[in-house]
Amino acid sequence: MSDAVRVRFAPSPTGTLHLGGARTAIYNWAFARRNNGAFILRIDDTDRERSTPENTAQILRSLRWLGLDWDEGPEVGGEHGPYFQTERHGHYVRALDAMRTSRAAYPCFCSAAELEAKREAARANGVSMGYDRTCRTLDAAEVASRLDAGTPCVWRLAVPLERGPVVVEDEVRGTLEFPIEAMDDFVLARSDGSPTYNFASVVDDAEMAISHVIRGDDHLTNTPRQVLVFEALGMAVPRFAHLSMIWGPDGKKLSKRHGATSVEAYQEQGYLPEALLNYLALLGWSLDGETTVVPPEVLTANFSLERVSKNPAIFDPEKLSWLNGTYLRDLDPDEFIARMLPWLERSELAIAADFTSRPDWYRALVPLISERVRHLDEVADKVAFFFTEPSIDDAALSKVLAKEGARAALEGARAALDRVVWNAAAIEAALREVPESIGAKPKDVFQTIRVAVSGSTVSPPLFESLELLGRDTVLARIDGAVALTER
RNA sequence: GGCCCGUUCGUCUAGCGGUUUAGGACACCGCCCUCUCAAGGCGGAGAUCACGGGUUCGAAUCCCGUACGGGCUACCA
């Protein structure tokens with residue numbers, strides 16, 4: 001089937017997976033799933049200096065964490081491997097040979113210094129800065145002798161000047177037209193024989209039968225160059241779709257200054273993968289303009305390049321947080337617990353989570369906490385007082401416990417709670433009678449109890465919290481707080 | 001410099017020539033709910049659709065120009 005959809009995500013392991021790359025991966029993946037196609041992962045590690053196995057491993061981890069799966073690539077194999085460019089050298093050599101014999105590629109003996117000088121001169125004269133094609137017109141004998149002598153050279157594409165403009169029907173930008181005169185005889189293979197990005201990428205996309213190249217906007221002007229290589233190789237030209245960039249909140253390139261840029265960092269801050277996936281998917285694509293919560297399965301069922309936006313988007317951490325909160329709230333209790341427990345154990349408080357010994361207690365805790373957090377890393381702090389004796393913060397002390405009726409409120413509460421049936425409803429009923437008996441406002445009484453028990457003026461709902469804490473703990477904490485009140 | 005791309009509320013976007021007094025979401029403000037904080041409900045403010053010309057009975061939507069922003073112009077990807 002030549003019309004089978006085959007797309008690829010081809011990161012360079014020169015760094016971690018960042019937000020922009022993740023979105024590109026997500027779009028490719030969603031497009032493949034939507035069209036019953038194949039999603040291929042290829043590691044473009046031709047830059048040996050900056051590529052590392054650690055980065056590769058981290059990229060794979062982040063992709064998996066996001067919930068993406070690939071049909072071909074590292075860890076899963078496939079018919080078109082290998083999927084690391086550094087392992088595909090032979091393919092590039094053969095492709096270059098073919099282009100040498102067809103004279104689509106020619107050797108260039110200009111030194112780096114010479115090229116730099118030419119660029120300088122061009123810049124100074126205000127002329128186009130592309131390579132001046134000196135070596136393209138060397139006579140055959142000259143070329144042969146230099147090659148035989150082993151003179152270092154790179155191989156350049158002989159741009160077919162007579163071809164006419166390169167027209168690309170981009171799936172998101174529409175018709176793009178590039179004048180052939182503006183096209184440079186760019187380098188295909190370096191003097192050490194290694195392929196450049198624009199060459200390796202084309203050879204691989206061709207051999208891996210990629211049907212749609214969906215990638216970042218920064219590659220837009222590489223497209224006509226690559227089209228020329230596909231044609232020189234006699235291979236079918238894939239469809240292209242270029243995604244606009246993601247910018248930081250200040251409208252500048254997304255960088256560390258704007259906070260986390262790597263997917264891993266969001267994982268560490270307690271974001272849910274489905275929320276990040278959802279947010280990123282909506283940064284440049286929309287289901288209908290109305291829907292903001294788009295779970296993975298809805299994405300893969302509906303994604304289309306037609307609805308991808310042409311303009312760059314600014315990353316908004318606020319909206320991501322909000323979305324994360326909605327996903328957190330939608331989790332069913334057991335799922336919430338599963339995601340929450342690691343965060344309790346690894347928190348500063350090193351809370352000893354004992355889920356297996358009291359699962360129902362945890363299930364009751366979930367609703368108290370899930371609608372009050374936006375990230376999992378906030379959970380430990382919020383639930384700490386259920387697990388350890390809280391220290392009462394200064395503000396709560398002065399604003400609540402030091403107040404006049406505090407002692408009476410606590411003593412009233414203690415008496416009311418002493419013999420009540422221990423469930424939230426009964427606790428509430430009992431405590432609601434305290435204010436009147438001591439001539440205080442309900443709010444003040446409840447707030448005093450809250451501080452005594454949780455150590456803070458802000459906590460999950462009081463009566464439910466008391467129930468979960470247990471009578472002994474609650475009474476002990478109230479007694480402890482009484483000692484702190486003014487006599 | 002050359003080539004290419006983009007421009008709708010602060011932000012993400014809907015809109016694909018008339019149904020638009022430009023819709024939704026985040027953020028913001030107010031009210032309700034309420035034991036705090038949230039969550040939720042209701043309401044509000046917020047966009048002369050970058051600007052200027054056309055085309056058309058009619059333009060955010062089509063065309064041209066300008067401005068601003070961005071990308072590429074490497075033996076990086």
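So that the names make sense, note that chain A is the first sequence line, chain B the second, and so on, each numbered from 1.
Following rounding to the nearest Å, A:Glu290 (CD) and B:C26 (C1') show an atom-to-atom distance of 15 Å. The distance from atom CH2 of A:Trp247 to atom P of B:U11 is 11 Å, rounded to the nearest whole Å. In this structure, CZ of A:Arg23 is placed 8 Å from P of B:U13, rounded to the nearest angstrom. As rounded to whole Å, 10 Å separates atom C1' of B:U11 from atom CG of A:Leu283. One interatomic measurement links the two molecules: CD1 of A:Ile314 to P of B:C26, which rounds to 19 Å at whole-angstrom precision. Put simply, CG on A:Leu466 is 15 Å from P on B:U36, counting in whole angstrom units. Computed from coordinates, the A:Leu17 CG to B:A77 P distance equals 19 Å when rounded to whole Å. The nearest whole Å value for the distance from the CZ atom in A:Arg8 to the C1' atom in B:A77 is 11 Å.
Within 4.0 Å (heavy atoms only), A:Thr14 reaches no atom of the nucleic acid at all. The residue A:His219 sits close to a base: some heavy atom pair falls under 4.0 Å. Within the nucleic acid shown, A:Val187 comes within 4.0 Å of sugar-phosphate atoms alone, with no base atom in reach, counting heavy atoms only. Here A:Thr221 lies in heavy-atom contact (under 4.0 Å) with a base. Within the 4.0 angstrom heavy-atom criterion, base atoms lie near A:Ser191. At the heavy-atom level, A:Asn222 lies under 4.0 Å from base atoms of the strands shown. Residue contacts for A:Arg215: at a heavy-atom cut-off of 4.0 Å it reaches no nucleic acid atom on any strand shown. A:Thr196 comes within 4.0 angstrom of sugar-phosphate atoms only, judged by non-hydrogen atoms across all strands, and of no base.
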N/O donor to acceptor pairs below 3.5 angstrom from side-chain atoms of residues 452-460 of chain A, sequence neighbours left out:
residue  : atom : partner  : partner atom : Å
A:Ser454 : OG   : A:Arg450 : O            : 2.8
A:Ser454 : OG   : A:Ser456 : N            : 3.2
A:Ser454 : OG   : A:Ser456 : O            : 3.2
A:Ser456 : OG   : A:Val458 : N            : 3.0
A:Ser456 : OG   : A:Val458 : O            : 3.1
A:Ser459 : OG   : A:Arg450 : NH1          : 2.7

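For B:C3, the paired nucleotide is B:G71, the pair qualifying as Watson-Crick or G-U wobble because both relevant distances are below 3.5 Å. Under the Watson-Crick and G-U wobble criteria, each requiring two contacts below 3.5 Å, nucleotide B:C26 is paired to B:G10. Checking B:U66 for Watson-Crick or G-U wobble geometry (two distances, each under 3.5 Å) identifies B:A50 as its partner. Across all strands shown, B:A59 remains unpaired; no Watson-Crick or G-U wobble contact has both distances below 3.5 Å. Pair assignment for B:C33: none, as no Watson-Crick or G-U wobble contacts are both less than 3.5 Å.
Comparing A:Ala182 and A:Cys153 by the nucleotide of RNA chain B whose heavy atom lies nearest to each, the residue mapping closer to the 5' end is A:Ala182. Along RNA chain B, the nucleotide nearest A:Cys108 and the nucleotide nearest A:Gly251 are compared for position; the residue whose nucleotide lies closer to the 5' end is A:Gly251.
Using C1' as the reference atom, B:C62 and B:G18 are 15 Å apart when rounded to the nearest Å. Comparing the same atom, P, in B:C16 and in B:U11 gives a spacing of 23 Å after rounding to whole Å. Comparing the C1' positions of B:U19 and B:U7 gives a spacing of 27 Å, expressed to the nearest Å. Across the C1' atoms, B:C29 and B:U20 are found 26 Å apart, a figure rounded to whole Å. With both ends at atom P, the span from B:G6 to B:U13 equals 15 Å, rounded to whole Å.
Residue pairs meeting the ring-ring contact (aromatic ring centres under 6.0 Å, His included) criterion with at least one member in residues 115-134 of chain A, sequence neighbours excluded, do not occur. Pairs passing the ring-ring contact (aromatic ring centres under 6.0 Å, His included) check and including a residue from residues 173-198 of chain A, sequence neighbours excluded, read A:Tyr197-A:His219.
If you look at A:Tyr279 and A:Phe315, their ring centroids are closer than 6.0 Å. Ring to ring, A:Phe463 and A:Phe446 are close: their centroids are under 6.0 angstrom apart.
Judged by atom type and distance alone, A:Ser459 does not reach the base of B:C37 through any side-chain donor-acceptor pair under 3.5 Å. Under 3.5 Å, the side chain of A:Asp218 and the base of B:A77 form no donor-acceptor pair of N or O atoms. Applying the 3.5 Å distance criterion, the base of B:A25 shares a donor-acceptor pair with the side chain of A:Lys319.
Distances shown here put a side-chain N or O of A:Arg119 below 4.0 Å from the OP1 or OP2 atom of B:A74. For B:C75, the OP1/OP2 oxygens have no side-chain nitrogen or oxygen of A:Arg48 closer than 4.0 Å. Put simply, A:Ser286 has a side-chain N or O that comes within less than 4.0 Å of OP1 or OP2 on B:A14.
A:Pro295 is not listed as a side-chain neighbour of A:Glu274, based on a closest heavy-atom distance of 4.5 Å or more. The closest side-chain heavy-atom distance from A:Glu171 to A:Arg239 is below 4.5 Å. In this structure, A:Leu365 and A:Glu464 have side chains that are not in contact, with every pair of non-hydrogen atoms separated by 4.5 Å or more. Within the 4.5 Å cutoff, the side chain of A:Leu368 has no heavy atoms near those of the A:Lys382 side chain.
Enclosure of atom CD in A:Glu436 is not indicated, since only 12 or fewer non-hydrogen atoms of other residues, nucleotides or ligands lie within 6.0 angstrom.
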For nucleotides 5-10 of chain B, give me every protein contact, N/O to N/O, under 3.5 Å, one pair per line with atom names.
residue : atom : partner  : partner atom : Å
B:C5    : O2'  : A:Arg173 : NE           : 3.4
B:C5    : O2'  : A:Arg173 : NH2          : 2.2
B:U8    : OP2  : A:Asn311 : ND2          : 3.1

Where do N or O atoms of nucleotides 28-35 of chain B meet protein N or O atoms at under 3.5 Å, pair by pair?
residue : atom : partner  : partner atom : Å
B:C35   : OP1  : A:Arg432 : NH1          : 3.3
B:C35   : OP1  : A:Arg432 : NH2          : 2.6
B:C35   : O2'  : A:Arg450 : NH2          : 3.1
B:C35   : O2   : A:Arg450 : NH2          : 2.5
B:C35   : N3   : A:Leu462 : N            : 3.2

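In this structure, A:Ser12 contributes its side chain and A:Asp44 its backbone to a donor-acceptor pair below 3.5 Å. Put simply, the side chain of A:Asp45 never gets that close to the backbone of A:Phe84: no donor and acceptor are under 3.5 Å apart. Side-chain atoms of A:Arg136 never come within 3.5 Å of backbone atoms of A:Arg156 as a donor-acceptor pair (strictly under, hydrogens ignored).
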A correct 5'-to-3' footprint of nucleotides 38-51 of chain B, with B, S and - meaning base, sugar-phosphate only and no protein heavy atom under 4.0 Å, is BSS-----------
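With A:Tyr27 as reference, A:Phe303 is the one residue of A:Trp285, A:Phe303, A:Phe9 to meet the ring pair (Phe, Tyr, Trp, His ring centres under 6.0 Å) rule.
Of all nucleotides listed (B:C4, B:C75, B:A77), B:C75 comes nearest to the side chain of A:Leu115. Closest to the side chain of A:Ser309, out of B:U13, B:C3, B:A77, is B:U13.
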side-chain hydrogen bond (donor to acceptor under 3.5 Å, both in side chains) between A:Asp204 and A:Tyr92, worked out: CA-CA 9 Å; A:Asp204 292 342; A:Tyr92 311 129; 2.7 Å; yes
